[in-house]
Amino acid sequence: MTLTWAGMTTAGGIVGEFFDLKRESEADLLAMQCGDFYEFFGEDAETVADELDLKVSQKSSHGSSYPMAGVPVNDLTPYLTALVERGYRVAVADQYETEDGHAREITRIVTPGTLLETSDADAQYLGALVSGDSGYGVAFADVTTGQFHVTECMGTDATDQLLTELYRFDPVELLPGPTLRNEDELLSDLRERTSATFTLHATDAFGPGRARHRVREHFGEETLDSVGVADDELGVRAAGAVLSYVEESGAGVLASMTRLQSHGTGDHVELDATTQRNLELTETMQGNQSGSLLDTIDHTVTSAGRRLLAEWLRRPRQSRGELEHRQSAVTALAEAAMARERVRETLDGAYDLERLASRAASGSANARDLRAAAETLALLPDLVKLVEDTERLASSALVDALARPDRGAARSLANELDEALVEEPPGTVSQGGLIRQGYDADLDEIITQHEEALSWIETLPEREKRAHGITHLSVDRNKTDGYYIQVGNSEVGKVPEDYDRIKSLKNSERFTIPELEEREREILRLEEQRHELERELFEELRSRVASAAETLQSVGRALAEVDVFVSLATHAVRNDWTRPELCDDGRLDVEAGRHPVVEQTTEFVPNNLRLDDDRRFLIVTGPNMSGKSTYMRQAALITLLAQVGSFVPARRAEIGLVDGIYTRVGALDELAQGRSTFMVEMQELSNILHSATEDSLVILDEVGRGTATYDGISIAWAATEYLHNTVRSKTLFATHYHELTTLARHLESVENVHVAVDGEPRSSSGTGTARPADESETDVTFLRTVRDGPTDRSYGVHVANLAGVPEPVVDRSREVLDKLREEKAIEARGGNSEPVQTVFDLGSGQFRERDSGASDPVANGGSPARESEQGAAGLGETEARILDSLQELNVDETPPVELLQQVQQWQNELDDS
Ligand code: ADP
Ligand code: MG
């Protein structure tokens, strides 16, 4: 976007020019260069002054007065960064000389997604979204590092996938495609889910023909095939739009975008947006970084390392080969304590090579940046040597990580930079003094002449003093007089004829002589040549660095990987984590496991967890605050960490690799945080029921809680059956609907566990708080305190239906609901055994099983129930008494602590009886 305004100042003079450029730029703010300042006028001046605490002055122009605020030319960057980070699009107009004066043109439009001088080490993604009949195409690029990802979201849950991608990349700026701009509902959803600035980029940039051409031209013919994105698909349109937007912004970083990465297919563990948020991977539910998993386990020493660790947490892997590879590196580093510290020290101070590639491409890298890059590139051979010299490391996968970059290319780039640049170059390019002697013969020649001329001048005073017998004589230089000879008044009489007086001061006179004038001209000419040539050489060097972007990125990536391995090893050692054994069956067997974040701040009580093909679905019960949610999140986090390649917080762990982790926390817990509604809860349940597979891990925390009791039970009941019978995922379901525990008796792989409260005898089977239930714990008590309202009693099921919960589940929920209301028999469906009916028995206040062969499936619960072989035994004295007191207990008026104590007392009594 280059708008030339050469000399064409309108009637409004400089202010008029400003407003014209501003209009053309379509930016929120314009910074226009006027000599040594960038100025903002009018409303822009006031906005900028408010945001950045600048002073506003008044500029008169053609009889009117305009607010004006400015920043010095050399200080623009921090102001620009601050404005853009606050969400403004800022155009920059630079001034240049023309034959008849000055002209200005817009050279850059800086937006949140094209900001190069970011103050933040995190990734900074710019995204484009294109919608089509079959789904969405999404592209994300980080101009600061050259990362470029493209993917497509297809199928019935395309929108959920889209939201997941957004959550994962957390873009700062989004370019919605032309069609998407009319999808109000989706747009408002997107706005709610991201904090990105939305920008309307030219529609034709999203056109298939133009986009394909641009992507081909930029990444090369074969790229599209090799990443598995077909030519005319949506992903390409999104990628093309991103490329064109970056190009038009004038950021000049396209050269650093060397590789198109696609992740539509394959190997990653599915983690939907809700799950990423629930598990607090990179920020807590409250939006803080501190307290997140990343923050807890991060011991990286470079910003590239931290970015990579975040990426790994958001994209765990399924490939056992890749994971064992990572484990091998982490294990070796965990065991070789001394070497680990040395690797860490070596990496400390490494420069961000990925970001350098972009800065070199955009022309903003200075000599210090390149010097730092050279030193960082030189770390690679140091690390290789360190690894090779340490036996434990030499046999690990660290070797492979370091072998990936082209070491030859890295070495020659490092050498060239080192040969070209002085040890400590200045931070600016214009002053010279950047290039080492011996690098360029022409420059050396100029430098030699320059130095000769300077030394001629240096020795001039001595020569003149001697020749003319003058004691007080000096040679100096200033801006107005150039070089001059200064003689004290007392000796002025001694100066020879050819001394030409140029100025008289109070105590002295200034002269020049022809030889001095000649030298001066020579020095000026040489200085200019030297600066010019140094700048040329430096720019050549910088563009060579830019064209070596791939080398920089691959070395940067290798260093970042090593940094992450060291970080994982360090955390494992400091916190006594263990290397999990990865297996391919549906097992999850954790001995003395802990929650990786909670264990940092709490005296954590370790617990066991066992899931396998015969025990695939655990119903977790226990009083409020007993640790159910923590226990389940811990299961998810341990699985996730294992699939990142990390050690895990446990004494021993066997982890069956999963293809996805899905979590859903019931609306009530979330409502407290003002984020969710029952509708959202049902939409997310729906997403899980549609997306999870037999190889997934599903965590449901109090699902169904956001609605009336009967509805909630019915939905939870039907969802449990569906997950168990149809999806067959590994599932943990915490519920306060104790009714559900009865399902364990009828669904073959459903088991109950409960979380014990303090004071209760620990299970003999482990150290854990969570333990398998005794059969007696499957007895059911029924909540009588909550009744549905009289009007629409099936509101919850209705919402579930609207939210797209699979039809069999909705139908089944209705059925269960009807029977619950009428207090009729419900049969638990599924499992190998004949269906067993469960009847809610008013007399005893519990579910009972009914003979499966009974002719009337809706028989009233009043009929005598036959006991199953597992025995829902009749009530003993203690149980009956406890049930009575339970019924009398007023939950609303009893403080929670008392409730807990009461429950605990009952449990003790039950244990004793
Ligand atoms: P629930 O879901 O049963 O209501 P939470 O999982 O929310 O309970 O846990 C309640 C509190 O107990 C939290 O503050 C949590 O940090 C703490 N907690 C949970 N499990 C443990 C444990 N095993 N050891 C120590 N503290 C725990
Ligand atoms: Mg909870």
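Counting starts at 1 for both ligands and their atoms, in listed order. Computed from a predicted model, the values in this text were never measured in an experiment. In this chain, residues are counted from 1 in sequence order.
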Note to self: Any heavy atom of Glu603 closer to ligand 1 than 4.0 angstrom?
What the structure shows: yes
Numbered in order shown, the ligand 1 atoms found under 4.0 Å of a heavy atom of Gly627 are 1 (P), 3 (O), 5 (P), 6 (O), 8 (O), 9 (O), 19 (C), 20 (N)
Do Gln634 and Asn607 meet the criterion of a side-chain donor-acceptor pair at a distance under 3.5 Å?
yes
Logged contact type for Thr602 with ligand 1, heavy-atom cut-off 4.0 Å, is side chain
So for Val598 against ligand 1, with non-hydrogen atoms under 4.0 Å, the contacting part is side chain
Judged by heavy atoms only, the candidate from Asn607, Asp701, Val605 nearest atom 24 (N) of ligand 1 is Val605
Nearest non-hydrogen contact to atom 2 (O) of ligand 1 from the set Ser626, Ser629, Gly593 belongs to Ser629
Practice task
Please check if the side chain of His299 supplies one atom and the backbone of Val566 the other of a donor-acceptor pair under 3.5 Å.
Solution key: no
message: I'd like to check whether Thr630 has a polar contact with ligand 1, where a contact means an N/O of the residue lying under 3.5 Å from an N/O of the ligand.
response: yes
Query raised in the report: Does any non-hydrogen side-chain atom of Thr578 lie less than 4.5 Å from one of Phe647?
Result: no
Side-chain heavy-atom pair Asn801, Arg814 within 4.5 angstrom cut-off = yes
dist Leu279:CG -> Thr275:OG1 (nearest 0.5 Å) comes out at 6.0 Å
Rounded to the nearest 0.5 angstrom, the CD-CG distance for Gln643 and Asp659 is 9.0 Å
So, is Ser629 placed with an N/O/S atom under 2.8 Å from the Mg ion (ligand 2), counting both backbone and side chain?
yes
